[in-house]
Amino acid sequence: GLKKKEVNVLCLGLDNSGKTTIINQLKPSNSQAQDIVPTIGFSIEKFKTSSLSFTVFDMSGQGRYRNLWEHYYKDGQAIIFVIDSGDKLRMVVAKEELDTLLNHPDIKHRRIPILFFANKMDLRDALSAVKVSQLLFLDNIKEKPWHICASDAVKGEGLQEGVDWLQEQIA
Ligand code: GTP
Ligand code: MG
């Protein structure tokens with residue numbers, strides 16, 4: 001058959017936001033992990049959509065590993081940025097990390113698509129995707145296509161909509 005276009009994606013966001021859980025859900029069921037543990041450093045994962053073959057750099061969000069992120073910016077063709085919608089206390093930390101990312105020389109002047117997941121929407125006190133986008137000032141992102149989806153990575157809800165959008169941006 002036709003060879004799918006290969007795309008490198010960076011999966012970024014604070015620790016415990018649900019990055020690995022999201023990526024695990026997107027993988028074919030026979031290669032999904034049963035237990036998800038905090039990522040050490042980073043892990044490379046693969047999944048396919050109808051037209052694309054994604055290689056994901058699933059980065060650790062822990063403070064001590066966040067300095068690794070920038071080494072992969074050059075090779076990233078798309079970004080998935082995950083936010084824990086229930087973690088109101090650290091929303092400002094997520095915003096700081098996002099701003100640092102957007103101002104990085106390897107990212108700043110590139111028209112690279114960013115998919116945001118306002119994850120953990122199942123939590124009783126979760127903020128809506130609209131509220132998360134306001135707190136992160138996403139409307140200020142003018143030079144890059146971006147999109148935000150509410151998701152529940154444990155149940156796998158909201159993920160497909162996001163990946164469909166990402167595929168449209170790249171295909
Ligand atoms: P690091 O690798 O440390 O950066 O964390 P991570 O962003 O990869 O988070 P991970 O996927 O390991 O998930 C952290 C915890 O949140 C796990 O206990 C998950 O089961 C849980 N979790 C992930 N997504 C959701 C969600 O949508 N809802 C709820 N309630 N829990 C979630
Ligand atoms: Mg992880």
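Atoms within a ligand are numbered from 1 in the order they appear, just like the ligands themselves.
- A single hydrophobic cluster is not seen to contain both L127 and L14; linkage of ILVMFWY side chains at heavy-atom distances under 4.5 Å, directly or through other members, places them apart.
- Between the side chain of K27 and the main chain of K46, no donor-acceptor pair closer than 3.5 Å is present.
- Inclusion of G18 in the set of residues having an N or O under 3.5 Å from an N or O of ligand 1 is warranted.
- The closest approach between a heavy atom of D58 and any atom of ligand 1 is not below 4.0 Å.
- Checked by atom type, the side-chain pair S17/N119 shows no donor-acceptor distance below 3.5 Å.
- Note on residues 89-114: pairs passing ring-ring contact (aromatic ring centres under 6.0 Å, His included), not counting sequence neighbours, are Y73-H104.
- Closest protein heavy atom to atom 3 (O) of ligand 1: D15 CB, 3.7 Å.
- When hydrophobic clusters are built by joining Ile, Leu, Val, Met, Phe, Trp and Tyr residues whose side-chain heavy atoms come closer than 4.5 Å, directly or via intermediates, L138 is not grouped with W165.
- Close approach to D152 involves these atoms of ligand 1, each under 4.0 Å from a residue heavy atom: 26 (C), 27 (O), 28 (N).
- Note: Y72 and F42 meet the aromatic proximity criterion, with ring centroids under 6.0 Å apart.
- Here is the list of ligand 1 atoms found below 4.0 Å of a heavy atom in A153: 24 (N), 26 (C), 27 (O).
- Contact atoms of ligand 1 toward L14: 7 (O) (distance under 4.0 Å to a heavy atom of the residue).
- Close to ligand 1: N119, with a non-hydrogen atom less than 4.0 angstrom away.
- Of the possible polar contacts, one joining the K144 side chain to the K108 backbone as a donor-acceptor pair under 3.5 Å is found.
- Atom NZ of K88 is surrounded by more than 12 heavy atoms from other residues, nucleotides or ligands within 6.0 Å.
- The heavy atom nearest to atom 16 (O) of ligand 1, out of those in K19, Q62, K120, is found in K120.
- Which parts of ligand 1 touch S60 is read off a 4.0 Å heavy-atom cut-off, strictly below it: atoms 4 (O).
- For the pair G13 and ligand 1, no heavy-atom separation below 4.0 Å is found.
- The pair R66-D15 counts as a salt bridge, with a side-chain nitrogen and a carboxylate oxygen less than 4.0 angstrom apart.
- Counting the atoms of ligand 1 from 1 in the order shown, those under 4.0 Å from a heavy atom of G61 are 1 (P), 4 (O).
- The protein reaches atom 27 (O) of ligand 1 closely, with a heavy atom under 4.0 angstrom from it.
- Of the polar atoms of D122, at least one N or O is found under 3.5 Å from an N or O of ligand 1, judged by distance alone.
- Residue-and-atom listing of protein N/O/S atoms under 2.8 Å from the Mg ion (ligand 2), sorted by chain and number: T20 OG1, T39 OG1.
- Nearest protein heavy-atom contact of atom 32 (C) of ligand 1 is V154 CG2, 3.5 Å.
- With no hydrogens or angles considered, no side-chain donor-acceptor pair links S85 and K120 at under 3.5 Å.
- Among all protein heavy atoms, the one lying closest to atom 14 (C) of ligand 1 is N16 OD1, 3.1 Å.
- T21 OG1, 3.5 Å is the protein heavy atom nearest to atom 13 (O) of ligand 1.
- Cluster annotation: L98 and V132 are assigned to the same hydrophobic cluster (Ile/Leu/Val/Met/Phe/Trp/Tyr, side-chain heavy-atom contacts under 4.5 Å, transitive).
- Looking at K142, its side chain does come within 3.5 Å of a backbone N or O of D139 through a donor-acceptor pair.
- Taking only nitrogen or oxygen atoms, main chain and side chain alike, I36 does not reach within less than 3.5 Å of ligand 1.
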What verdict does the side chain to side chain donor-acceptor pair (under 3.5 Å) test give for D58 and T20, after you've listed the backbone C-alpha separation in whole Å, the side-chain angles of each residue and the deciding distance to 0.1 Å? CA-CA 7 Å; D58 174 19; T20 303; 2.7 Å; yes
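- In the hydrophobic cluster analysis, where Ile, Leu, Val, Met, Phe, Trp and Tyr join through side-chain heavy atoms closer than 4.5 angstrom, I44 is grouped apart from V9.
- Every atom of ligand 1 is numbered from 1 in the order shown, and the set under 4.0 Å from a heavy atom of L123 is 30 (N).
- L10 and Y65 fall within a single hydrophobic cluster, where Ile, Leu, Val, Met, Phe, Trp and Tyr are joined by side-chain heavy atoms under 4.5 Å apart, directly or via other members.
- Within the listing of ligand 1, atoms 1 (P), 2 (O), 3 (O) sit less than 4.0 angstrom from a heavy atom of T39.
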